[in-house]
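Reviewing the structure listed below.
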Amino acid sequence: MAEKPRIGVFVCHCGLNIAGVIDVKKVAEEAKKIPGVVFSTTYVYMCSEPGQQLVIDSIKKYKLNGVVVANCSPTLHERTFRNAAARAGLNPYRVEIANIREQVAWPHEHEPEIATKKAIRIVKATVERVKNNMAYVPYEISVNKKALVIGGGIAGIQASLDIAEAGYEVYLVEKSPSIGGKMILLSETFPTLDCPQCIETPKMTDVSQNPRIHLMTYSEVESVSGYMGNFKVKVRRKARYVDVDNCLGCGACVEACPVKNIPSEVDRGLTNRRAIYISFDQAVPLVPVIDADHCIKLTYEKKVAEGKIKRRSKPGTVKICEKCQDACEPKVINFKDTDKIEEIEVGAIIVATGFDLMPMEKLPEYGGGKIPDVIDALAFERLLAPSGPTHGVPKRPSDGKIPKTVVFVSCAGSRDPAHGVAYCSRICCMYLAKQAMLYKHAVPDGMAYNFYIDIRSNGKGYEEFVQRVREQRDLIYLRGKVSKIFQRGDKVVVWGADTLTGQKIEIEADLVVLSNAMVPSEGAKELAQKLRIPQDEYGWFNGAHLKLRPLETVTAGIFIAGAAQFPKDITDTVSQASGAAAKVISMFAKPKLTKEPLIANVDTEICAGCGICKEQCAYGAITIDPKKKVSVVNEALCEGCGACAAVCPSGAMQLRNLNSKQVIRMVEVLTEDY
Amino acid sequence: MGVLKLTKEKFRKVDLINRISGQNVYDCYQCGRCTSGCPSADEMDIVPSQTMRFLQIGEVDKVVESNTPWVCLTCLICSVRCPKGIDIAAIMEALRLVKLRTNYDFIHPNKIPEEDLEELPPIALVAAFRKMTP
Amino acid sequence: MTIKIPYYPGCTLKTTAKNFEDTAKLVAGVFDYEFDELYRWNCCGAVYGLSEDNVMHKVAPVRNMLRVKEVGEKRMLVLCSMCFNTLKRANYYVRRNKDKLEVINAIMYLENTTYDGSVEVVHLLELLRDEIGFDRIKKAVKKPLRGITVAAYYGCLLLRPSEIAIDSVEQPTVMEDLVEALGGKVIDLNVKTECCGSYQTVKRKDIVADRTNFIIGEARKQGADMLITSCPLCHFNLDRRQKEAKKRHPDFKEMPILYFTQLMALAFGFEEDKLGFEPHYVDPRPLLKERGLL
Ligand code: SF4
Ligand code: SF4
């Protein structure tokens, strides 16, 4: 700031949040004494319309060239006041927040005097900072108006359809052979009991027919570079061995395949599939895929290629199985297919990778997967699904008998901090109620028991649904967490309790259904690294702010939707997917994107090109110019975190409006005797 | 049974149980899993999860005077399976100690039949005396 | 070359479970291990004290660690599950609570050394699995245990709490693997980690008899002819309390209970008089003879 400082200080009461602890009048008075401060005041809610107007009027009236607002965290209202300043004609980057709520009033609730002193210090330090703040203008960046959606479950499907509907192109990448996700496996959905065949299949078809959606199934994101508006993504198209464009989906190849004993992923091992298979009847695309690990031909060729066996005849003279190829009318099977890397360019990315269930092995007290008639809830969905292996009448895995006593176990792994997962998986109470109800429909003389701890039914129509289920005959709710499950003859013994009566309970069941905890889907961690987006301790993706920015990640241009963020039901998933799509659409609707100019900046005169900063940068924004041997900051990639500036040994790397001179001056002021 | 009158004083005894056991009875969220797996639950006046609940509402005397801590086997099934990581067996020990520290004998060495004393392994006797005498 | 290993027997292995100690020494000898009994060992207290406000019950187990240090060794072999649990838990506790270790050292002020948490407490099953290995055990078998079906019973003290468990807390397999190495058939006992009733055997025989009935009943249903254990108290309860179990449950059927070391000695071809079956309440010999193993 070359001119003489004329700074205004605005102290907010935040109702009683701040003023209930801090003597705000005193803070304003003390602020006025700081050299360079020409005006100071307080107001009950500074962020309100009249509060902002007060700031605007004062800027004009006192010709302020710097503003300090002492209020809440900058993540909440920094932008509010920078915008207000801009409306008054002051460069927004001359405005700084002194956080006296989260950093003072709240932690020092019981020591008002200390709090007031600390607030004054923070205001003083912030004034010093503002004295050296420069004026900047935001960067403008162009946007590539295509989106990438990762994950083809209901979240990814909904987001893709919404974005395509708005007129933009979408690449939808799904790692399994078909889109549909977990939802398509379900029997019926609570609380209205529509079947996914009726409500999800049409959306899947829409995806396949929408010319603006490029469907990339059996594909995975290999790497991501670039930045908001301009990402470059490499997608691995895994070898499918079947030409997707020309396959008729007739299934003749599947019928011909002699390998019949591969546990089906879709049926969670309850049935077997072939080595060439179509995941399920409504698959999109309706094209088979060869499982190279189990195909006779491909495993043979692999061993030959690795030199493990010798080919006995000249290539092409003797057929190694190849029965599927023989059966294929349009001749679209190609054993020579290989993985291909496709490069796409997009402006925004939505991560919708969903969830998995905690593996049975992690529940040893429930048999650890060794008891055949203890199954997870997704497997039971398959047994209840009309399209599933038992056509809707459940038959138990061990002997195919219809189970007459079924025990449902809530919180199998969830809400159990001592064994790893502290959170509630949120949907189990609802789907177990639904499963118990559907089971009773399918087996009217059956007995159903449902062990629960608390019933969580907080959605529209949910509580009514659970109540309806609980009123049924021979469908007993028992309040207690199951301790142990074991085999006794052909029965499965469940040890539970009813805490309401203080009873230990033993049930000899035919089948036990566990609501295994929901966990992030496999590969979420690797994807997080590729995208540079943070996960929580369990591996769920974090939004930028839990309440106010749940769909955005901290990396600009990357959004999250559905259960990849945290367990949620279909309603919430679809809402979030549309929300994330709206974020992308609003981003694409602008001619240019703006980006904060408060980023790192190198003084090339001082920089020695040591590269320490490059190591520190989590966003990959720094390169070393090979010729000039100096560090170069990519303005679009830099998020202004300051990690580089902190480690730079020569002080060449500085953060704009928070350079080392400013920081040192602030520390001086903060540590002054008072 | 009457109405249970709660006063702040009642809860000071809870502090004692927490101090002796090194646990916090308020960690318990009443899932009932300790009861589900307890091999002695059907012998107990008050099952483990309800013991925890009575402690939470300050009813320490009620559980101290019950047979519950004395029929506990210290098998630790409850402790290893408790989702909140509470060592319930240690709470049972604290409940016994509250009595034992008043010089109370739950078992009397001279009341054990001679033929039992002859055949019982030393660990059985030492363990029982450790758990059930001061 | 003979490996000498510092050995803590505990009271019961010198009295009612002498046959456990004797057969353990026999089978260890097959692999050239010699038990070097600690000089001046004292009772460990049998049960671990669970109170947080009193370290007195931890002094006795910790004092035994000093005996190991005195002979310049690093580990202590234990057979009895109860002693193992008490010693290993106390050791774990003082390793984690240095302040409490200081208090205990102060209490033991008449000792020549102080304890530092450095001793390892090892159970014989761990030694067999991790050091000797099932392959060597397999090779030492002279009389494979054909014709009998064994249930391996762990009870509480080898597995709980998880910090001191010698195997998976919920699904241990070390004894099953051992029986298989001996050429025997073994079931995956559904209640192998359940409690036998423990010290309640002193005052509440009924509780223990019901536990015995339950555990042996489950083993029977799964097709077991006999049950093995590593705990003298489990052994006593499951064997001796079958008498009361029979009284309380008319359809209860007796089952021989063996120490795993007795089974090993049998498979290694030791003579009948070395196997220590005399003190058993349910004599295993008729069964073993019937199956051609004796
Ligand atoms: S298992 Fe733990 S949390 Fe559950 S009721 Fe028992 S003490 Fe409480
Ligand atoms: S330690 Fe006691 S209370 Fe806990 S499960 Fe065993 S017998 Fe029951």
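Lettering follows sequence order; numbering is per chain, from 1.
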side-chain hydrogen bond (donor to acceptor under 3.5 Å, both in side chains) involving C:Glu102 - partner list, sequence neighbours excluded:
none
So which part of B:Leu120 gets closer than 4.5 Å to some heavy atom of chain C, the side chain, the backbone, both or neither?
both
Under 4.5 Å from any heavy atom of chain C - which part of B:Met92
neither
Which one of C:Gly45, C:Cys43, C:Cys11 has the most heavy-atom pairs closer than 4.5 Å to chain B?
C:Gly45
Go through the atoms of B:Ala94 and report whether side chain, backbone, both or neither lie under 4.5 Å from a heavy atom of chain C.
neither
Assert top hit (heavy-atom pairs under 4.5 Å, partner chain C, pool B:Pro121, B:Pro113, B:Ala89, B:Cys72) equals B:Pro121
Contacting region of B:Phe106 [heavy-atom separation from chain C under 4.5 Å]
both
Using heavy-atom distances under 4.5 Å, tell me whether B:Leu76 contacts chain C through its side chain, its backbone, both, or neither.
both
Hey, could you give me the SG/CD1 distance between C:Cys156 and B:Ile77, rounded to the nearest 0.5 Å?
6.5 Å
Specify which of B:Gly37, B:Gly22, B:Pro39 makes the most heavy-atom pairs with chain C at under 4.5 Å.
B:Pro39
Cross-chain donor-acceptor list, chain C and chain B, 3.5 Å limit, no angles:
| from | atom 1 | to | atom 2 | distance (Å) |
| --- | --- | --- | --- | --- |
| C:Thr12 | OG1 | B:Ile123 | N | 3.1 |
| C:Tyr48 | O | B:Lys131 | NZ | 3.4 |
| C:Leu50 | N | B:Glu93 | OE2 | 2.8 |
| C:Glu52 | N | B:Ile20 | O | 2.6 |
| C:Asp53 | OD1 | B:Arg101 | NH2 | 2.9 |
| C:Asp53 | OD2 | B:Arg101 | NH1 | 2.8 |
| C:Arg160 | NE | B:Cys75 | O | 2.7 |
| C:Arg160 | NH2 | B:Cys75 | O | 3.3 |
| C:Glu170 | OE1 | B:Arg81 | NE | 3.4 |
| C:Glu170 | OE1 | B:Arg81 | NH2 | 2.9 |
| C:Glu170 | OE2 | B:Arg81 | NE | 2.8 |
| C:Tyr199 | OH | B:Cys72 | O | 3.3 |
| C:Tyr199 | OH | B:Thr74 | OG1 | 2.6 |
| C:Gln200 | NE2 | B:Trp70 | O | 2.7 |
| C:Gln200 | NE2 | B:Cys72 | O | 3.0 |
| C:Lys203 | NZ | B:Phe106 | O | 3.0 |
| C:Arg204 | NH2 | B:Glu43 | OE1 | 2.8 |
| C:Lys205 | NZ | B:Asp116 | OD1 | 3.0 |
| C:Lys205 | NZ | B:Asp116 | OD2 | 2.9 |
| C:Arg240 | NH1 | B:Glu119 | OE1 | 3.3 |

Rounded distance (nearest 0.5 Å) linking atom CG of B:Leu73 with atom SG of C:Cys196
8.0 Å
